Amino acid sequence: MERNLLVIGATGKTGGHTTELLLQHGHRVRGLDARAERLAALGADIVEGDVLDLDSLAQATKGIDALYFTYPIRPGLMDATANVAQAAEENGVQAIVNMSQVSARRNTASNAARQHWVAERALDHSPVPVTHIRPTFFAQWLIDTWADGTGELRLPFADGRHAPIAESDQAKVIAAILEDPAPHAGQIYPLYGAEELNHYEIAEKMSRALDRDVTYVPVELDEFAAILRGRGAPDHLIQHLLAVAVDYRNGVFAGTNNLVKTIGGSDPLNVEGFVAQNRAAFDLPTT
């Protein structure tokens, strides 16, 4: 059945893939993003707006059956969440899929992760049914970490483990819920990739896929903070990443399940598959 669906952050890591899938499945998709010319060319209705501006969000949600809400790791999540809940209620939206994170909980040291937990509870009190997804670290993180092209993954994760999940696999789950939200109302879904690994094992798999040496170098939190500052990361993000690094060491990001397949319809990509699909992003700069 054709549905009217809104993707907030249509050019984001999960939003872009979700929009493309929904368009392929024949739905009418509205993207809340001013920079989505490519998605507009595919048939999406792109509207300019801001989740921190209730009036523009209320306009964007008119006539919408269900929406996907994601917000970056930056200040403003609570205001954005309140606006989404209000606009959805005003316009009779039938379902919300909310992007949270696996470390979201009340007693976390991360300000951002705690805000995600509170945002979940706020949406739970809304009359609009909501489904929360809580992914572990995105596989995209491997590209971001690789950005300096040194072949070293300098990260403060000790020998902790997780199953990297591609944003394209998350999009399959998000799209499936938006298409048929009723069975998923009120659920919290932790999402994982194909295989739980530590970063030594991730580096080995990247080495094979890229045919070049990739080495995991464990670092302490202060060195990691300096790396992030050198990349221009804002304080809010740095505080979050340092806190979740401790969570990661303590097993909070570990685990696997079959939700990508049972909800999204296909097995998730493993590390080698993700690297192969994104080979160009990993290519070393020429010197």
Side-chain angles (χ1 to χ4, degrees), residues 1-37 39-72 74-100 104 115-134 170-189 263:
M1 181 178 68
E2 186 181 65
R3 294 172 62 79
N4 297 314
L5 303 169
L6 173 66
V7 176
I8 295 173
T11 58
K13 291 175 181 176
T14 55
H17 288 284
T18 299
T19 300
E20 290 185 26
L21 278 176
L22 294 171
L23 289 169
Q24 290 168 14
H25 295 174
H27 300 289
R28 291 186 293 268
V29 184
R30 186 176 298 163
L32 186 70
D33 199 313
R35 304 163 299 153
E37 293 85 357
L39 296 175
L42 294 176
D45 173 22
I46 304 302
V47 296
E48 293 192 30
D50 188 340
V51 288
L52 298 177
D53 177 358
L54 178 57
D55 289 339
S56 69
L57 189 58
Q59 283 295 118
T61 51
K62 285 184 177 179
I64 291 297
D65 297 318
L67 67 84
Y68 171 50
F69 171 47
T70 181
Y71 192 84
R74 68 184 185 204
L77 174 62
M78 300 312 302
D79 287 343
T81 301
N83 286 345
V84 167
Q86 181 63 31
E89 181 180 358
E90 288 178 1
N91 287 300
V93 174
Q94 300 163 13
I96 296 171
V97 179
N98 172 51
M99 168 64 78
S100 186
Q115 289 165 9
H116 269 291
W117 184 86
V118 176
E120 289 181 1
R121 305 292 72 77
L123 289 171
D124 288 342
H125 288 293
S126 165
V128 182
V130 61
T131 305
H132 306 292
I133 61 170
R134 290 181 175 179
Q170 296 176 63
K172 293 174 185 176
V173 175
I174 296 162
I177 299 171
L178 290 172
E179 290 176 316
D180 185 19
H184 309 285
Q187 297 298 312
I188 298 175
Y189 290 137
I263 300 175

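Because the structure is predicted, anything quoted here is derived from the model rather than measured.
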[X] side, atom [atom1]; [Y] side, atom [atom2] - distance, nearest 0.5 Å:
X      : Y      : atom1 : atom2 : value
Gln94  : Asp65  : CD    : CG    : 5.0 Å
Thr14  : Met99  : OG1   : CE    : 4.0 Å
Leu21  : Ile174 : CG    : CD1   : 9.5 Å
Asp79  : Leu52  : CG    : CG    : 6.5 Å
His132 : Asp124 : NE2   : CG    : 3.5 Å
Asn91  : Ile64  : CG    : CD1   : 9.0 Å

Closest heavy-atom pair and its distance - [X], [Y]:
X     : Y     : result
Ser56 : Gly49 : OG-CA, 3.7 Å
Val93 : Ala66 : CG1-CA, 3.9 Å
Leu6  : Ala60 : CD2-O, 4.1 Å

query = When you check the side-chain N and O atoms of Glu20 and Gln24, is any donor under 3.5 Å from an acceptor?
reply =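 Note: Glu20 and Gln24 side chains miss the donor-acceptor criterion.
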
With a 4.5 Å cut-off on side-chain heavy atoms, are [Y] and [X] touching?
X      : Y      : answer
Val118 : Met78  : yes
Arg3   : Leu178 : no
Glu120 : Val130 : no
Glu48  : Gln59  : no
Ile263 : His184 : yes
Val173 : Val97  : no

inquiry  = Between Asn83 and Asp50, is the side chain to side chain contact (heavy atoms under 4.5 Å, CB included) condition met? List the steps.
reply    = CA-CA 10 Å; Asn83 286 345; Asp50 188 340; over 6 Å; no

task = Run the numbers on Thr81 and Asn98 for side chain to side chain contact (heavy atoms under 4.5 Å, CB included), then give the verdict.
result = CA-CA 9 Å; Thr81 301; Asn98 172 51; 5.7 Å; no

task = Quick one: sort the Phe69 and Tyr71 rings into parallel, tilted or perpendicular, breaks at 30° and 60°.
result =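 Aromatic pair Phe69/Tyr71 classed tilted.
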
inquiry  = Can a donor-acceptor pair be found, under 3.5 Å and without considering hydrogens, that links the side chain of Asn4 to the backbone of Arg28?
reply    =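 Not confirmed, Asn4 side chain does not pair with Arg28 backbone.
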
key: Test log, rule side chain to side chain contact (heavy atoms under 4.5 Å, CB included), inputs Glu90 and Thr61   = CA-CA 9 Å; Glu90 288 178 1; Thr61 51; over 6 Å; no

